[in-house]
Amino acid sequence: MRIFKWTLFFICISVLETSGQQQLEDYKLWLKYQTITNTDLAINYNALVKHAYISQGSPTLRNAKKEVELALSKMLGDDITFTNEWVPENTLVVDVYDNLSKDLKSLIAEEIKNVTHEGFLLKSVNYKNKKVTIISAKKDIGVLYGVFRFLNMMQTHSNLNNLNLVDNPKLDIRMLNHWDNLDRSVERGYAGFSLWNWQKLPEYIDERYIDYARANASIGINATALTNVNANALILTPMYLEKVKALADTFRSYGIKVYLTARFSAPIEIGNLDTADPLNADVKLWWKNKTKEIYEIIPDFGGFLVKANSEGQPGPQNYGKDHVDGANMMAEALKPYGGNVIWRAFVYSEHDETDRAKQAYDEFLPYDGNFMDNVLVQVKNGPIDFQPREPFHPMFGAMKKTPLIMEFQITQEYLGFSTHLVYLPKLFEEVLDADTYQRGEGSTVAKVIDGSLYGNEITGMAGVSNIGNDINWTGHPFAQANWYGFGRLAWDPYLSSEVIADEWLRATYSNDNKFVEPVKSMMLTSREAVVNYMNPLGLHHIFDTGHHYGPGPWVDNLGRPDWNPVYYHKADSLGVGFDRTPSGSNATEQYAPEIAQKYNDVKKIPEEYLLWFHHLPWDYKLDNGEILWDGIALKYQEGVDQVKDMINTWDNMKPYLSESEYREVAMLLEIQLKEAKWWRDACLLYFQTFSNRPLPEGVEKPTKSLEYFKSLKFPFAPGIRPRWD
Ligand code: BDP
């Protein structure tokens, strides 16, 4: 018995040890730089980089140098020589174009012309009968980006022999939005507390801030809004601004600008004014002075991100003024310093009877053309709220004279928190590829966002961060892929989600195709799986109240109609779905005629949007001949089956994974399966009370009653909104 106890003790200790070590590995994200064990490849790479010249000219270039040294020593060992000045033996050259020797300059003179200020060039040249790899750019930040790409190519075992790549970011502002509160709780955060340790700042610079900046720079993210859009005015007080400055100083050499969320009522709360009316002279002056104060200590401050007159947040409408008055007032204050206002379009009002999906468009379209040129309007990808699937937001393409920033949610508020493996670049890609038809066929959302459709001066993409202080940053190891993928798409919204998954898997786990291929296809189907087991065929917003954890299609008692799931599915004995065609809310009129016609026609609309736009009888015939009720039930089952397949895939990957690497994802997949079944059973039992039909063959019987599912309460679910707003 005693021996047994001791054995158990040691097993437990070793399990803890390995999972602890695993978490430390996970901490390194996609910058693991695993040793290259393939001898031929290692020899080839070694020859390419064996004499490396990396400029030391600026903090950013020194970061590039540190990264190259770290990465090459880990991937290839210690026999690489580094020089701070160009010598003829060099085989790798890393520097801004202007600093290069005349000879080298002439070798890349043509290509460098195509490099923009944040872009870079990777080029293999022949110089005096020797192969030289040049990583260059117009600015030092471009060099850093080029270095990260080069190292990524090495991590993914790419052919580096004949490089000739010019890569420029297609968007200007590539930004994370942290919904982090000053008490370090994170709204809709599922990976621990906020990274920003306000109490220890400004003196204490956590090493994590630097690793955060490195990780972001490695994928091209160049901006971060540190605080929650449900803002607290205190962040704008001198004490906090000192702390913000410390973060900005830390991020600067990685090319990252800091933005802050500005609470519209700040002039009252911290400025002793009795109004925040945007046209009031004292209010204007207050924002001007505040902005000046910020730029005095943070000269490259990015600007303000503002949620106004949305979900109870204060805004210009409190004073009978409108979004243009509010945004332009702040834009004027920021203008002399080159700062931007990012004004969110996430608005819907309890006083407005109109379909919630229509309200942002209705409210903002009349303002098109009236904003100052340093105002960008930030629009969520869909017209409701980060659902597992939504049609694209009709403001994209319709708002022709205002630069729109895309807002994606990387944190998985409606996608299983950080316990479900859901590969989001698949969702992002679907939205970016969607055709708005606003200037004829091919007017994709990506073209709206990158400014090419309407020739916007500034462009951008924002992602609501999934980062917290969990050792692995994002809670789920695969949620790191969503951060990575967001960054890659913000750099280039035309990249395919498949290519991104491939890069991420190789850099994070393994280059073995027997691992990469099956796991990649698991990632690529994971998004459809979550749609199937949560919100199939266009169902949406049937989440439990407030925390949005798990199903709550029965919820009908919240203060505002549009906070209740019953508002969105409208199930009754006749059928289910939201009629948004001309016979209903006519939300389709907000789209270009090509889209509107397609969505209005129940025979032409893609089935994935069916119940988003149509209320249909339970026995409506789907494309495959099933009746709607059966189709819904089978989709829920399909989602559960897809999670089972994910579990199988992962089990088969054991030979390519360490025990702890395998186990941490395996355990999470078990949670995902349990919760997928919960979604299926709860939703089907509930909708069955209307359809009055049996579950079709192939759908597993629920193991619990509807009453049981309704009785579940989660007062401590993570990520709930703070109580003070
Ligand atoms: C919703 C979230 C809420 C956010 C809001 C927003 O439930 O916590 O404050 O969006 O984007 O998705 O402002």
Side-chain angles (χ1 to χ4, degrees), residues 175-183 185-191 194 225-232 259-264 304-315 317 323 326 342-350 356-357 359-360 363-364 376-390 393 395 404-418 422 424 427 431 461-466 468 482 486 534-535 540-550 552 555 558-560 562-565 567-568 714 717-725:
M175 136 184 266
L176 288 179
N177 286 183
H178 289 267
W179 286 358
D180 294 17
N181 301 309
L182 299 185
D183 67 354
S185 62
V186 180
E187 182 159 341
R188 311 311 180 185
Y190 314 105
S194 169
L226 300 174
T227 44
N228 193 351
V229 286
N230 296 314
N232 190 317
Y259 283 68
L260 291 175
T261 49
R263 187 159 161 90
F264 204 78
F304 297 129
L305 168 64
V306 190
K307 172 174 178 177
N309 294 122
S310 156
E311 297 186 328
Q313 293 299 306
Q317 291 168 359
H323 291 291
I342 301 184
W343 193 267
R344 295 177 83 232
F346 179 65
V347 295
Y348 58 103
S349 157
E350 72 249 58
R356 169 173 165 187
Q359 295 183 25
E363 202 167 318
F364 275 82
L376 296 102
V377 172
Q378 183 161 301
V379 183
K380 289 189 182 184
N381 60 272
I384 297 286
D385 194 8
F386 301 137
Q387 299 301 293
R389 170 168 277 129
E390 295 194 35
H393 201 301
M395 281 174 72
L404 301 187
I405 282 210
M406 168 64 75
E407 180 174 316
F408 284 128
Q409 195 179 44
I410 313 172
T411 192
Q412 293 171 231
E413 176 181 354
Y414 297 99
L415 289 138
F417 290 11
S418 61
V422 182
L424 293 177
L427 182 165
V431 177
M461 192 189 283
V464 180
S465 150
N466 62 350
N482 295 335
F486 167 77
M534 286 186 181
N535 289 189
H540 52 285
H541 221 315
I542 52 176
F543 293 78
D544 200 1
T545 305
H547 48 63
H548 301 151
Y549 175 57
V555 176
L558 302 182
R560 292 174 56 161
D562 50 8
W563 277 347
N564 289 301
Y567 171 92
Y568 297 96
F714 306 96
I720 300 181
R721 293 187 50 176
R723 257 171 265 156
W724 57 76
D725 66 70

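Both ligands and their constituent atoms are indexed starting at 1 by order of listing. Residue numbers run from 1 in the order of the sequence given. On a predicted model such as this, the values are computed, not experimentally measured, just so you know.
- Ranking the protein heavy atoms by distance from atom 7 (O) of ligand 1 puts Glu413 OE2, 2.5 Å first.
- Shown in contact with Phe346 at under 4.0 Å from a heavy atom are these atoms of ligand 1, numbered in order with element: 5 (C), 6 (C), 10 (O), 11 (O), 13 (O).
- Residue contact annotation: Gln409 has no non-hydrogen atom under 4.0 Å from ligand 1.
- Under the 3.5 Å distance criterion, with hydrogens and angles disregarded, no donor-acceptor pair is assigned to the side chains of Asp562 and Gln359.
- Annotation for ligand 1: atoms under 4.0 Å from non-hydrogen atoms of Asp385 are 1 (C), 10 (O), 12 (O).
- Of the inter-residue distances, the one linking Arg188 atom CZ with Phe417 atom CZ reads 7.5 Å to the nearest 0.5 angstrom.
- Considering only heavy atoms from C-beta on, Leu176 comes within 4.5 Å of Phe486 through its side chain.
- The protein heavy-atom contact nearest to atom 4 (C) of ligand 1 is Glu187 OE2, 3.5 Å.
- Ring geometry for Trp343 versus Phe264: interplanar angle over 60°, hence perpendicular rather than tilted (30 to 60°).
- Ligand 1 does not have Gln313 within reach: every non-hydrogen atom of the residue lies 4.0 Å or more from it.
- Neither the backbone nor the side chain of Val464 has a heavy atom within less than 4.0 Å of ligand 1.
- In this structure, His323 and Phe364 have parallel ring planes: the angle between them is below the 30° cut-off, well short of the 60° mark.
- The protein atom (non-hydrogen) at minimum distance from atom 13 (O) of ligand 1 is Lys307 NZ, 2.6 Å.
- When hydrogens are left out, the protein atom nearest atom 10 (O) of ligand 1 is Lys380 NZ, 2.9 Å; that is the closest non-hydrogen contact.
- Put simply, the residue from Val186, Asn177, Val464 that forms a side chain to side chain contact (heavy atoms under 4.5 Å, CB included) with Thr411 is Val464.
- Short contacts between ligand 1 and His548, defined as distances under 4.0 Å to a heavy atom of the residue, involve ligand atoms 7 (O).
- Looking at Tyr567 and Arg560, their side chains never bring a donor and an acceptor atom within 3.5 Å of each other.
- Protein heavy atom nearest atom 5 (C) of ligand 1, with residue, atom name and distance: Glu311 OE1, 3.3 Å.
- Side chains of Glu413 and Tyr190: a donor-acceptor N/O pair is absent below 3.5 angstrom, by distance only.
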